2 protein chains.
Amino acid sequence: MLDQPELSPRAARTRAALVAAGFDLLAAKPIDAIPIDEVVATAGVAKGSFFNHFADKQAFAAALATEVRLELEGQVGRANDGIVDPIERIAGGMRVCATFAIDNPKRTAVLLRSAGSVTDRKHPLNKGVADDFDEAATLGLIGAAARGSGVLYWLGLCQALMAHLVEPKRDPAEAQARITEMLVLGLTGLGIDRHRAEAVAARCGHCSRR
Amino acid sequence: MLDQPELSPRAARTRAALVAAGFDLLAAKPIDAIPIDEVVATAGVAKGSFFNHFADKQAFAAALATEVRLELEGQVGRANDGIVDPIERIAGGMRVCATFAIDNPKRTAVLLRSAGSVTDRKHPLNKGVADDFDEAATLGLIGAAARGSGVLYWLGLCQALMAHLVEPKRDPAEAQARITEMLVLGLTGLGIDRHRAEAVAARCGHCSRR
DNA sequence: TGTACATCAGTGAACGCGCGTTCACTGATGTAC
DNA sequence: TGTACATCAGTGAACGCGCGTTCACTGATGTAC
């Protein structure tokens, strides 16, 4: 969907090398601090090839950000496919995001750097969450304060959790503890009963990746 | 404290003009996207003057970030001075941050852009919060999950709230609602009793600015 | 108060290099017959 | 299957300008006598 329609194998290989190099470099520093020379050197292609695939540096950065966004969006969508309870969907979304961050620290770093996302209820990645909250509110599943500010609250937690998990040096057990605790804290704040919150946070079958 | 010891009035004026221009520009775009020419033009000083005050562009950006950080840190510290209940301190910190964001959108934008802060428990701005959580845990005021992940949880909420309040077009009433709701949600998540949470969120005397 | 001198900070022209972008050329891949 | 031709994508040298940094000079501020 993202790639322009029908790319020749050779072109696809070059493009993929550039994109991979971009993720490696963009994870560590902002686009303006990365010379194109460094991108093409890392990718092992000629400088001119860069402009066969991207109009300029900004377009390159935007393409990478969009790619991760769509990827994560897809994973969340697939994980929640068929789940009707909005609370389960909301919780599942956080867990998928967390798992994604652990599995793809570089891509996640690029996503987090592309900023501004948290606050915007209309952002595509956030649209689904907003819908789930609306439904949860309609069904009376969440508290009063969560009706106005629940989305902001939840996205803030997701972002903080992802940023935390992206750091190196994490050990897997501690990471899982963080995810579970964050779910318990988050759900409790929404007004979910303590035991239900712990049960939902512990459950993970339906939202394991893929 | 931030200014080098004893700056002549003339030098102080020039420096202040550069700093003010820096906040205006840095609020909108990252430092790498801002030519020094633009900074000095905005400040109305000669290009050479820039280097009388800052070693280079990065040092300039770092100085601005540090300045806001210290300012906010000071406000939180002063607001919490004399308050012993860790729950009140934790809540007061969020409210001060929110008020700061409303009153200083540009400075806040610079602070938020200087990134990485949320996740780091050892960061100076976060040190106080971590201490308050430790004490709250010791006193048994907060739930089990909050002992391990409470700081990350709370800092995530503060950052999301600030990022939200910094946007233009906010009307004051809606902003206050957001702050109160975020406090209620946040405190409830920590395991604070619903009525206590609402009471603390509603109270604001001790943490009004200055 | 006035004069001479020292220091401090501002100025903007000049420099030079890093880096984004272009382009003529080449080799690889694909297609027609 | 083989040959000729067209297109597509890669290559890297060359270009040129934007921008960070320097520096010699000037004017302002401060101090000594």
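A note on names: the letters A, B, ... follow the listed sequences, proteins ahead of strands, and every chain is numbered from 1. Keep in mind it's a predicted model, so treat the numbers as computed, not measured.
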When you check the phosphate oxygens OP1 and OP2 of D/dA9, does a side-chain N or O of A/Asn52 lie under 4.0 Å from one of them?
-> no

B/Ala177 backbone acceptor or donor facing B/Thr180 side chain under 3.5 Å | no

Kindly state which residues belonging to residues 33-45 of chain B come within less than 4.0 angstrom of DNA chain C, counting heavy atoms of the residue only, listed by number.
-> B/Val45

A/Phe54 atom CZ is separated from C/dC19 atom P, nearest whole Å, by 20 Å

Give a yes or no on whether the backbone of A/Ala79 and the side-chain of A/Arg89 come within a donor-acceptor separation of less than 3.5 Å.
-> no

Atom-pair distance (CZ on B/Arg10; P on C/dT7), nearest Å = 16 Å

Taken to the nearest whole Å, CD1/A/Ile31 to C1'/C/dG20 is 12 Å

Across every strand shown, the nucleotide meeting Watson-Crick or G-U wobble geometry with D/dA32 (both distances under 3.5 Å) is C/dT3

Record whether the side chain of B/Lys47 comes under 3.5 Å of the base of D/dT21 through a donor-acceptor pair of N or O atoms.
-> yes

Can you check whether A/His53 has a side-chain N or O nearer than 4.0 Å to OP1 or OP2 of D/dG10?
-> yes

If pairing means Watson-Crick or G-U wobble with both distances under 3.5 Å, then the partner of C/dG10 is D/dC25

Between C/dC19 atom P and B/Asp32 atom CG, what is the distance in whole Å?
-> 11 Å

If you find the nucleotide of DNA chain D closest to B/Arg13 and the one closest to B/Asp56, which residue's nucleotide is nearer the 5' end?
-> B/Asp56

Paired with D/dC15: which nucleotide, if any, by Watson-Crick or G-U wobble criteria at under 3.5 Å for both distances?
-> C/dG20

Is B/Val76 close to B/Phe100 at the side-chain level, that is, under 4.5 Å between some pair of heavy atoms?
-> no

Return the value, rounded to whole Å, for the distance between atom NZ of B/Lys57 and atom C1' of D/dC19.
-> 8 Å

Would you check if the side chain of A/Ser8 reaches a backbone N or O of A/Ala11 as a donor-acceptor pair within less than 3.5 Å?
-> yes

Round to a whole Å and report the spacing from CZ of A/Phe51 to C1' of D/dA9.
-> 16 Å

Looking only at atom types and distance, does a side-chain atom of A/Tyr153 sit under 3.5 Å from a main-chain N or O of A/Gly186, one as donor and one as acceptor?
-> yes

Presence of A/Ser49 side-chain N/O under 4.0 Å of D/dT11 phosphate oxygens OP1/OP2 | yes

Residue that, paired with A/Arg107, satisfies side chain to side chain contact (heavy atoms under 4.5 Å, CB included) out of A/Val68, A/Leu64, A/Val166 = A/Val68

Could you check how far CZ of B/Phe50 sits from P of C/dA13, rounded to whole Å?
-> 19 Å

Counting any heavy atom closer than 4.0 Å, what does A/Ser8 reach on the DNA or RNA strands: base, sugar-phosphate only, or nothing?
-> sugar-phosphate

Mark yes when over 12 heavy atoms from residues, nucleotides or ligands other than B/Lys106 sit less than 6.0 Å from its NZ; otherwise mark no.
-> no

